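Heads up: the structure comes next, in structure tokens.
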Amino acid sequence: MDPLVEGLKRVRVVAGLVTALGVYTVVAGGFSLEEALENVVVASLVLLVVTPLTVGVLLMVWRSGGPIRPLRGSLWGSLNLLLRFVGTALLTFTVLRVAPTSGLFVLLLGPLGLWLLAFLGCAAVRLNANFFGTAAVHRALPPVLATVTAWLTAVPDLVTGDLHGLGLRLGVVFILGAPVTVTALGLLETRRLRRHHGVRLRGHPLAPGAR
């Protein structure tokens, strides 16, 4: 692991949370838990589609450099983490949507939903560094997958004009802030991996230093 890149990732996560909460509570006039959960669900579904597709494309690239079969263990491990995360996000959304109308069951579903929400937040932060264990497949995969996911999550808001109640300029800055930051960090990480560790994205994962 590169200490500089890992430190920048933590800063990005904290800055993103502060920015989002600040915009929703100060600029947009109030934080909406339901909207935040909907965004988490959408992002999770994007992850579920984009991650396997991106890895599949790269597997086709890597086939020319060596065997792919030895990677199956790491790939299944990453897929398992991804499915668990998406399942937890959907369960959290469902529990918190049902809890307010569940009568006496709110005494059970309310605390369960809050616990799931805290667990989901901690999992998102912990999984940010290796992007669902994909670093075990190839060390350059996490920054690439994070960049692709960030842009695909932000583009729909720009296309549909959903600026979260903000003006045009501030809305565009707010929506593009996350993918631009992720892209900058991703480029920094891949550059350091290439220059200091000899790891190239197109290089086969079994090459020295790639995993």
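Just so it is clear, the values below take in all heavy atoms, side chains as well, and ignore hydrogens, waters and symmetry mates. In this text the structure is predicted, and so the values were computed from the model without any measurement.
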Applying ring pair (Phe, Tyr, Trp, His ring centres under 6.0 Å), name anything that partners F85, two or more places apart in sequence or on another chain.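 With neighbours one apart ignored, the set is F132.
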List for me each residue that meets side chain to side chain contact (heavy atoms under 4.5 Å, CB included) alongside [X], sequence neighbours excluded, and say none if there are none.
| X | answer |
| --- | --- |
| L152 | V46, V50, V148 |
| W76 | R72, L79 |
| L48 | L82, L83, V86 |
| T134 | S78, F131, L141, P142, L145 |

For [X] against [Y], the heavy-atom pair lying closest together:
| X | Y | value |
| --- | --- | --- |
| H204 | H138 | C-CD2, 4.3 Å |
| L81 | G133 | CD1-N, 4.0 Å |
| A99 | L109 | CB-CB, 3.9 Å |
| A136 | S74 | O-OG, 3.7 Å |

Under 4.5 Å between side-chain heavy atoms, chaining through other members, with only Ile, Leu, Val, Met, Phe, Trp and Tyr counted: pull out the rest of the cluster around L53, sorted by chain and number.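 Same cluster as L53: V49.
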Does the side chain of [Y] come within less than 4.5 Å of [X]'s, by heavy atoms?
| X | Y | result |
| --- | --- | --- |
| R192 | H197 | no |
| L71 | L59 | yes |
| P70 | L206 | yes |

Atom [atom1] of [X] and atom [atom2] of [Y]: how far apart are they, to the nearest 0.5 Å?
| X | Y | atom1 | atom2 | result |
| --- | --- | --- | --- | --- |
| E189 | R139 | CD | CZ | 9.0 Å |
| L120 | L116 | CG | CG | 8.0 Å |
| L185 | T147 | CG | OG1 | 8.5 Å |
| L112 | F119 | CG | CZ | 12.0 Å |

Would you confirm whether T190, through its side chain, and L187, through its main-chain N or O, come within 3.5 Å as a donor-acceptor pair? yes
What pairs of residues pass the salt bridge (Lys or Arg N to Asp or Glu O under 4.0 Å) test when at least one of them lies in residues 81-98, not counting sequence neighbours?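 Applying salt bridge (Lys or Arg N to Asp or Glu O under 4.0 Å) to every pair that reaches into residues 81-98, excluding sequence neighbours, yields E34-R97.
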Pairing residues for R191 by the salt bridge (Lys or Arg N to Asp or Glu O under 4.0 Å) criterion, not counting sequence neighbours: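 For R191, no residue satisfies salt bridge (Lys or Arg N to Asp or Glu O under 4.0 Å) once neighbours in sequence are set aside.
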Do you reckon V106 sits in the same ILVMFWY cluster as L96, going by side-chain contacts under 4.5 Å, direct or chained? no
L108 with W115, same ILVMFWY side-chain cluster at under 4.5 Å: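 In one cluster with L108: W115, no.
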Qualifying residues under side-chain hydrogen bond (donor to acceptor under 3.5 Å, both in side chains), relative to T183, sequence neighbours excluded: W151
Less than 3.5 Å apart, which donor and acceptor atoms pair up between the side chains of residues 62-69 and the rest of the protein, not counting sequence neighbours?
{"from": "W62", "atom 1": "NE1", "to": "L201", "atom 2": "O", "distance (Å)": "2.9"}
{"from": "W62", "atom 1": "NE1", "to": "G203", "atom 2": "O", "distance (Å)": "3.3"}
{"from": "S64", "atom 1": "OG", "to": "V61", "atom 2": "O", "distance (Å)": "3.0"}

